[in-house]
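Positions are given from 1, in the same order as the sequence printed here. Side chains included, hydrogens not; waters and symmetry mates left out as well; all remaining heavy atoms used.
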Amino acid sequence: MSFTLATWNINSVRLREGLVRKLMEEEAPDVLCLQECKSPVEKIPVESFKELGYTHMIARGQKGYNGVAIFSKIPMEENSAHDFADLGHARHVAGTLENGVTIHNFYVPAGGDVPDREVNEKFGQKLDYLTQMRDHFKAEGPKKSILVGDLNIAPREDDVWSHKQLLKIVSHTPIEVEHLHDAMEAGKWVDITRQDIPEGLLYSWWSYRARDWDAADKGRRLDHIWATPDISNAAHGSRVLRAARGWEKPSDHAPVFATFDL
């Protein structure tokens, strides 16, 4: 079975329902994982998406903040949902497709503005969240699994517009990158996007603050697709749909895609 998967921080699924439908109609991924849905589950416009063939949904939501959802054309059953770091936030949900592949959808905390847990509680929460992800994967030993989402960290030098200028900026600090690598190594996850696109600057997020985001191009690769080693070689076709960042009233993130032949 071949299927294409996309991950997108939508920054409000109700406010941007039209953009989700546009992606579903024009790109038609078999599985679409959304983060920062900012909606209780019962208010997600699921019927609107069912009209386009996305008849399966699993989600965790809360009013106004966070929220993760997986929409699928392929039969899918809920697998798990974890509250890492005990924050009481809707930041993880996992579903298993009929071919036995489990998809984890994550929204890792952004971490605030100051990269110091002593003065910024949110930064400490981010590090604790990643540590608990690490411990979970070490204990679980994931197999036949895909992990996607807004992980809020751009780990590589070519995942940001200026490595030197962002070393002390939250999302690219060495301690965050180390924590992300530890979580990745614990599950033996493979970075599918960089497996397919090993070299060169690559971004999935551009700040709303930039007057002309496209011309300035000061981006970061915060959105990721990983897979376990037993299926990583089945992945191909990775890409970032940069054009979506320029749609009307866009999210500040662009969707990231990969195809798996399993």
Side-chain angles (χ1 to χ4, degrees), residues 2-38 44-45 48-49 52-54 57 67-74 103-108 146-156 158-161 171 190-210 212-227 234-261:
S2 178
F3 66 94
T4 297
L5 177 147
T7 179
W8 194 9
N9 177 317
I10 191 59
N11 192 15
S12 178
V13 67
R14 287 188 284 168
L15 182 64
R16 296 187 169 84
E17 176 187 345
L19 297 190
V20 176
R21 286 181 59 93
K22 179 178 172 70
L23 189 85
M24 288 174 166
E25 289 175 319
E26 295 182 1
E27 302 293 333
D30 299 289
V31 180
L32 175 58
C33 299
L34 299 180
Q35 304 86 39
E36 208 171 353
C37 294
K38 295 183 175 179
I44 293 173
S48 175
F49 304 146
L52 301 177
Y54 294 84
M57 181 193 80
V68 286
I70 305 176
F71 301 94
S72 179
K73 295 180 176 182
I74 307 164
I103 298 171
H104 293 270
N105 185 15
F106 274 95
Y107 178 43
V108 171
I146 300 168
L147 184 156
V148 308
D150 177 3
L151 305 186
N152 264 311
I153 296 172
R156 292 176 28 152
D158 51 2
D159 288 340
V160 294
W161 65 273
S171 78
V190 176
D191 182 343
I192 295 302
T193 309
R194 282 305 192 178
Q195 177 178 267
D196 281 351
I197 310 170
E199 303 296 335
L201 296 171
L202 189 65
Y203 315 137
S204 64
W205 174 89
W206 295 263
S207 175
Y208 284 134
R209 296 175 186 174
D212 187 339
W213 70 273
D214 195 26
D217 204 23
K218 292 184 175 182
R220 307 177 202 173
R221 186 173 73 101
L222 304 180
D223 305 272
H224 300 264
I225 297 177
W226 298 352
H236 62 92
S238 294
R239 60 192 174 97
V240 177
L241 187 65
R242 182 186 175 108
R245 179 61 179 83
W247 291 350
E248 187 175 353
K249 296 182 180 177
S251 168
D252 47 358
H253 293 254
V256 180
F257 290 76
T259 297
F260 290 83
D261 296 333

Exercise. Going by heavy atoms in the side chains, are P45 and R14 under 4.5 Å from each other?
Worked result: yes

Exercise. For N105, which residues count as a side-chain hydrogen bond (donor to acceptor under 3.5 Å, both in side chains) partner, sequence neighbours excluded?
Worked result: Q35

Problem set entry | Value rounded to 0.5 Å, distance of CG in L201 from CZ in R156 | 10.0 Å

For this session: Check L151 against F106 and note the closest heavy-atom contact, atom names and distance.
Result: CD2-CB, 3.8 Å

Exercise. Below 4.5 Å, heavy atoms only, C-beta onward: do I10 and S12 meet side chain to side chain?
Worked result: no

Exercise. Considering all heavy atoms of both residues, which atom of V240 and which atom of A254 are nearest to each other, and what is their separation?
Worked result: CG1-CB, 3.9 Å

Exercise. Ignoring hydrogens and geometry, is there a side-chain-to-backbone donor-acceptor pair from S251 to N9 under 3.5 Å?
Worked result: yes

Exercise. Going by atom types only, do D196 and S238 share a side-chain donor-acceptor pair under 3.5 Å?
Worked result: yes

Exercise. Do the non-hydrogen side-chain atoms of V13 and K38 ever get within less than 4.5 Å of each other?
Worked result: no

Exercise. Just how far is it from atom CG of D252 to atom CZ of R245, taken to the nearest 0.5 Å?
Worked result: 6.0 Å

Problem set entry | Carboxylate-amine/guanidinium contact D159 R194, below 4.0 Å | yes

Exercise. Are the side chain of S204 and the backbone of L222 linked by a donor-acceptor contact shorter than 3.5 Å?
Worked result: yes

Exercise. Do the side chains of I146 and L5 get nearer than 4.5 Å, heavy atoms only?
Worked result: yes

Exercise. With no hydrogens and no angle check, do the side chains of N11 and Y208 hold a donor and an acceptor under 3.5 Å apart?
Worked result: yes

For this session: Report yes or no: do S171 and R220 form a side-chain donor-acceptor pair below 3.5 Å?
Result: yes

Problem set entry | Short side-chain to backbone donor-acceptor contact, H253 and P250, under 3.5 Å | no

Seminar exercise, completed: Taken to the nearest 0.5 Å, the spacing of T4 OG1 from D30 CG works out to 5.5 Å

For this session: May I have the step-by-step check of side chain to side chain contact (heavy atoms under 4.5 Å, CB included) for L34 and V20, ending in yes or no?
Result: CA-CA 9 Å; L34 299 180; V20 176; 4.1 Å; yes

Problem set entry | Closest non-hydrogen atom pair, A215 against D212 | N-OD1, 3.1 Å

Problem set entry | Charged N-O contact under 4.0 Å between R242 and D217 | yes

Problem set entry | From CA spacing to verdict: salt bridge (Lys or Arg N to Asp or Glu O under 4.0 Å), E248, K22 | CA-CA 11 Å; E248 187 175 353; K22 179 178 172 70; over 6 Å; no

For this session: Locate the shortest heavy-atom distance separating L52 from K73; write the atom from each residue and the value.
Result: O-CE, 4.1 Å

Problem set entry | Spacing of CD1 belonging to I225 relative to CD belonging to Q195, to within rounding of 0.5 Å | 11.5 Å

For this session: Would you tell me whether R21 and S48 have side-chain atoms, one donor and one acceptor, within less than 3.5 Å of each other?
Result: yes

For this session: Can you see which heavy atom on L241 is nearest to which on F257, and at what distance?
Result: CB-CE1, 3.9 Å

For this session: Find out whether I103 and V31 are in side-chain contact, i.e. whether some heavy atom of one side chain is under 4.5 Å from a heavy atom of the other.
Result: yes

For this session: Look at the rings of W8 and W247 and say which category their plane angle falls in: under 30° parallel, 30 to 60° tilted, over 60° perpendicular.
Result: perpendicular

Exercise. Can you list the steps and then say if R221 with T193 is a side chain to side chain contact (heavy atoms under 4.5 Å, CB included)?
Worked result: CA-CA 10 Å; R221 186 173 73 101; T193 309; 3.7 Å; yes

Exercise. If we only count heavy atoms from C-beta on, is the P255 to L23 side-chain gap below 4.5 Å?
Worked result: yes

Exercise. So, the side chain of H224 versus the backbone of I192: is there a donor-acceptor pair under 3.5 Å, distance only?
Worked result: no

Seminar exercise, completed: Between V160 and Y203 the two heavy atoms that sit nearest each other are C-CE2, 3.5 Å

Problem set entry | Donor-acceptor pair between W226 and D191 side chains, under 3.5 angstrom | no

For this session: Show your working on side chain to side chain contact (heavy atoms under 4.5 Å, CB included) between W205 and D150 and close with a plain yes or no.
Result: CA-CA 10 Å; W205 174 89; D150 177 3; over 6 Å; no

For this session: Give a yes or no on whether the backbone of V256 and the side-chain of T7 come within a donor-acceptor separation of less than 3.5 Å.
Result: no

Exercise. Looking at CH2 of W206 and CH2 of W213, how far apart are the two atoms once the value is rounded to the nearest 0.5 Å?
Worked result: 5.5 Å

